[in-house]
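As the structure lists them, so they are numbered: ligands from 1, and atoms in each ligand from 1. What you are looking at is a predicted structure, and each value in this text was computed from that prediction instead of being measured.
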Amino acid sequence: LIAEAGLYTASDQIIILSPKNVDSVLFNSTAAVLVEFYATWCGHCVAFSPTWKNLARDIKEWKPAVDLAAIDCADESNRKVCTNFGITGFPSLKFFPAYSSSESRGLELRGFPRDVRGLRHYIIDKLEMHNEAWPPACPPLETASEAEIDNFFQTNNVKLLALVFESKDSYVGREVTLDLLQYENIAVRRVLDTETSLVSRFGVTDFPSCYLYNSSRHISRLKVLNEARTFYSYALQRLPGVVRTGKPQIPITDLLKNSTLQEWRQFNKTSVYMSDLESALHYSLRVELSGHISISGNDLTALKKYINVLAKYFPGRPSVKSALKTVDSWLQQQKGTEIKYSNFRDVLDNTVQTSDAVLPEGVQWVGCQGSQSHYRGYPCAFWTLFHVLTVQAKEMAIPGTFNMHSEVLQAMRGYVSSFFGCRPCATHFESMAQESMDHVTTLSAAVLWLWSRHNRVNNRLAGDLSEDPHFPKIQWPSPELCPSCHGLKKTGEHHWDQGEVLTFLRNYFSSTHILMDYLQ
Ligand code: FAD
C-alpha cells in the first residue's frame with residue numbers, strides 16, 4: 001500500500017526513509033543508495049520532484065546495484081535523521097556506496113544536475129568510485145579489451161555478449177550494461193573506439209553501435225531504429241534466450257502441457273480481440289460486481305457512469321450493445337439512493353426476454369491468455385477495454401460539439417475505485433488520477449493519458465511476480481510495433497513522438513480492427 005510521505009509515494013519506486021528504516025536501507029546495503037533530503041514546503045524541492053520520480057522510472061532496472069531514496073526533513077519525526085546527516089539546505093543529495101558503515105554520513109553531491117540524463121551520468125560516475133566493496137549485483141562498467149573478449153566465454157557463463165562500441169565520454173555502454181543487469185544469458189560490455197584491432201575485426205564504422213558476439217565467435221550487428229541507449233536495451237532484453245533473472249525459460253507449449261488450462265488459442269499478438277472485451281464485460285458485470293449485494297452512494301454513481309460509457313462507446317456486436325443500452329436506461333431510471341445487485345443482474349441477464357439483447361456468459365481470453373491461469377486475463381482485458389473506449393469516444397465525437405473529454409477516464413476511475421478487485425491496483429491508479437487526470441482537456445489527451453499511465457504501471461511491474469514470463473512488461477508500443485512512435489532528442493535521450501503515438505493508438509484500438517475470432 002502507498003505510504004504517503006511528503007512529495008513521494010511508494011508507487012514512485014523511491015524508498016521513503018524514516019527513522020525506522022534509515023539504518024537498514026543506507027548501511028551495509030548490497031546496493032548503493034542515492035538519497036534526496038527535501039522539505040515539502042521548499043519550492044525547489046517541489047520543482048525537482050518530477051525529475052526525481054522520472055529518474056526512478058528511468059533507472060528502475062538498476063535497483064539491485066543502485067537505488068533511490070528520499071526523506072522529508074519537514075516531517076518532525078524525521079528531523080533528527082536529517083540533522084544527523086548534517087542537512088541544512090534543500091534539496092540535498094547524498095550518495096551512500098554499497099556496504100557503507102553506520103558511521104558514514106554519505107557523499108554530498110554539490111551542484112548536482114537537475115535533469116534525468118545528467119543525474120544518471122552522475123550516478124554512473126559515483127558507482128565507478130567503488131573499489132573494494134563493489135555492489136555485487138553491478139556488472140563491470142569498465143571498458144573491455146581484446147584479450148578479455150577473446151576469453152570471455154571461457155570465464156563467463158553466458159551465451160551472448162553484447163558489445164557497445166563508443167567514444168570515451170559516452171555513457172551509452174554503461175547505461176545499457178546496467179539496464180540489462182537483471183537479465184540472464186547475456187552480458188554487456190563497452191569497447192572504446194580507440195581499440196583499433198577490435199574495431200576492425202568487428203567491422204565497426206559507427207560510434208555508438210552495438211554488436212552481438214557468441215561462443216561460436218559469430219558476430220552480428222544489433223539492428224535498431226536509433227543508435228541509442230533505450231533502443232539497445234529494448235532490443236537486447238527481448239533477444240531469444242534472454243530472460244529476466246528468476247523467470248523460467250520454458251517454451252509455451254511445454255508450459256501448457258503441464259497445466260490444467262484449456263487448449264491454447266492461437267492469436268495475433270498485435271491485435272485486439274472482441275472475445276477479450278466481451279469476457280471483460282462478463283467478468284466485471286457478473287463476477288466482480290456480484291460481490292456487492294447493494295450498491296449506493298459514490299459506488300452507484302460510479303456504476304452509472306461506467307455503464308453509460310459502455311452503452312455509448314462499446315463497439316460491440318449489436319446484441320451486446322443492445323444489452324448494455326438496456327442496462328443503462330434501467331440504471332438511469334433508478335432514482336433511489338441504492339440498488340440491489342440482484343435487480344441489476346436480472347436486467348443484464350434479460351429476464352424480461354427482449355430476445356436480441358445478450359451479453360454472452362463466461363470468459364474466453366484470446367489476446368489476454370496467460371501462459372498460466374494466474375497470469376493476464378481480466379486485468380489485461382480491462383486495460384484493453386478502456387483503451388478501446390477512449391479511442392471510440394474520440395472517433396465518435398462530432399466536430400464542433402461539446403464533448404466531455406475525460407468522461408471515459410472518469411468512468412474508469414470511478415469503477416476502479418469502487419469495484420476493481422485488486423485493491424493495491426486501485427490505490428495506485430487513484431494516485432495517478434489525482435495527480436493529473438484533471439489536466440486532460442481534449443479527447444486525444446484522454447487517449448494519451450491512459451497510454452502513458454499504463455506505461456507507468458508497466459514500468460513499475462516489470463520483473464514483478466505477477467509478470468507473465470511470456471508477456472514481459474515493456475514500454476509499449478515497442479519500436480518494432482510502432483517505429484515512428486520512437487525518436488531521439490538532441491541529447492540522445494529517447495523521446496516518444498506523441499502525435500505518432502496517438503495515430504498508432506487510434507488505429508490499433510479502432511473498432512474496425514478488432515478481431516472477431518473465437519466469439520461464443
Ligand atoms: P497489461 O498491462 O494488462 O496490458 C494489456 C495489453 O495492453 C498488452 O498486452 C498490450 O497489448 C497493451 N498495452 C500494454 N501497455 C500499453 C499501453 N501503455 N498503452 C496501451 N496499451 C498497452 N498489477 C499489479 O500487480 N499491481 C498494480 O498496481 C496494478 N495496477 C493496475 C491498475 C489498473 C487500473 C489495471 C487495469 C491493472 C493493474 N494491474 C496491476 C494489473 C497489470 O497492470 C496487468 O494488467 C496484469 O499484470 C496483466 O498484464 P499483461 O501482461 O496482460 O499486460
Side-chain angles (χ1 to χ4, degrees), residues 1-2 9-13 57 234 238 244 247 252 267-273 276-277 279-280 283-284 288 302 306 363 365-391 394 408-434 437 446-478 480-482 485-486 496 498 500-510 513-515:
L1 280 177
I2 291 178
T9 67
S11 66
D12 293 320
Q13 308 184 68
R57 278 195 283 277
Y234 249 120
R238 274 163 314 118
R244 197 178 264 284
K247 292 279 177 184
I252 210 150
F267 71 99
N268 178 344
K269 270 197 181 179
T270 58
S271 292
V272 173
Y273 284 82
D276 289 320
L277 301 177
S279 299
Y283 189 88
S284 142
E288 197 153 62
Y306 173 56
V363 295
W365 310 120
V366 180
C368 282
Q369 280 171 108
S371 65
Q372 300 264 286
S373 56
H374 58 278
Y375 291 134
R376 312 193 76 224
Y378 179 54
C380 166
F382 190 82
W383 277 120
T384 311
L385 171 65
F386 275 94
H387 289 300
V388 167
L389 293 175
T390 53
V391 166
K394 166 80 188 150
V408 173
L409 295 183
Q410 294 295 355
M412 179 174 181
R413 178 182 189 173
Y415 183 89
V416 169
S417 161
S418 288
F419 305 111
F420 198 57
C422 165
R423 295 322 291 163
C425 303
T427 315
H428 286 136
F429 192 75
E430 181 55 31
S431 80
M432 292 195 295
Q434 270 174 23
M437 198 182 268
V447 174
L448 286 170
W449 188 91
L450 195 60
W451 159 77
S452 74
R453 304 308 125 149
H454 189 173
N455 266 345
R456 276 210 199 169
V457 177
N458 293 343
N459 174 276
R460 184 158 48 77
L461 297 181
D464 196 85
L465 267 182
S466 65
E467 182 182 55
D468 188 329
H470 293 279
F471 297 88
K473 301 269 190 291
I474 58 158
Q475 293 300 287
W476 192 91
S478 65
E480 299 94 85
L481 194 53
C482 178
C485 293
H486 298 262
W496 288 103
Q498 302 227 347
E500 292 293 331
V501 172
L502 182 63
T503 307
F504 171 83
L505 296 170
R506 289 178 66 179
N507 181 51
Y508 188 92
F509 291 109
S510 123
H513 291 153
I514 298 176
L515 299 180

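- Counting only heavy atoms of the protein, atom 15 (N) of ligand 1 lies nearest to Asn458 ND2, 3.0 Å.
- Closest to atom 26 (N) of ligand 1, if we only count protein heavy atoms, is Leu461 CD2, 3.4 Å.
- Ligand 1 lies within reach of Phe420, whose nearest heavy atom is under 4.0 Å from it.
- Counting only heavy atoms of the protein, atom 41 (C) of ligand 1 lies nearest to Pro379 CB, 3.8 Å.
- Distances from atom 43 (O) of ligand 1 to the heavy atoms of Phe504, Trp383, Phe386 show the closest one on Trp383.
- Ring pair Trp451/Phe504: centre-to-centre distance not below 6.0 Å.
- Around atom 47 (O) of ligand 1, the closest heavy atom drawn from Glu467, Gln475, Lys473 belongs to Lys473.
- Considering both main-chain and side-chain atoms, Trp451 comes within under 3.5 Å of ligand 1 through a nitrogen or oxygen pair.
- Taking the side chain as every heavy atom from C-beta outward, Trp383 and Met412 approach each other to under 4.5 Å.
- Distances from atom 50 (P) of ligand 1 to the heavy atoms of Met412, Arg376, His470 put Arg376 nearest.
- Below 3.5 Å of separation, one finds an N or O of His428 facing an N or O of ligand 1.
- When Thr384, Val457, Thr270 are checked for heavy-atom proximity to atom 6 (C) of ligand 1, Thr384 turns out nearest.
- Between Tyr234 and His486, the gap from one ring centroid to the other is short of 6.0 Å.
- A donor-acceptor pair is defined here as one N or O able to donate and one able to accept, closer than 3.5 Å; such a pair exists between the side chain of Asn458 and the backbone of Ile474.
- In summary, the atoms of ligand 1 found under 4.0 Å from a heavy atom of Arg460, numbered by their order in the structure, are 27 (C), 28 (O).
- Here the protein heavy atom with the shortest distance to atom 7 (O) of ligand 1 is His454 CE1, 3.7 Å.
- Aromatic ring centres of Tyr306 and Phe419: separated by at least 6.0 Å.
- Proximity of a side-chain donor or acceptor of Asp468 to a complementary backbone N or O of Tyr375 within less than 3.5 Å is not detected.
- With respect to atom 5 (C) of ligand 1, the closest heavy atom belonging to the protein is Cys380 SG, 3.5 Å.
- No side-chain donor-acceptor contact under 3.5 Å links Thr270 and Tyr508.
- His428 places a side-chain N or O within donor-acceptor distance of the main-chain N or O of Pro424, the cut-off being under 3.5 Å.
- Relative to the ring axis of Phe509, Lys394 does not place its NZ or CZ within 45° and under 6.0 Å from the centre.
- Looking only at protein heavy atoms, the nearest one to atom 39 (N) of ligand 1 is Cys425 SG, 3.6 Å.
- Side-chain atoms of Glu430 do not come within 3.5 Å of backbone N or O of Arg413 as any donor-acceptor pair.
- Using 4.0 Å as the threshold, Ser466 has a heavy atom nearer than that to some atom of ligand 1.
- Here the protein heavy atom with the shortest distance to atom 10 (C) of ligand 1 is Trp476 NE1, 3.6 Å.
- Heavy-atom proximity to Phe471, at under 4.0 Å, picks out these atoms of ligand 1: 51 (O).
- When Phe429, Phe382, Trp365 are ranked by how near their heavy atoms come to atom 34 (C) of ligand 1, first place goes to Phe429.
- No heavy atom of Lys269 sits closer than 4.0 Å to any atom of ligand 1.
- Not one N or O on the side chain of Ser418 forms a donor-acceptor pair closer than 3.5 Å with the backbone of Tyr415.
- The proximity of Phe509 to ligand 1, defined as any non-hydrogen pair under 4.0 Å, is limited to the side chain.
- Between Phe420 and Phe429, the distance from one ring center to the other does not fall under 6.0 angstrom.
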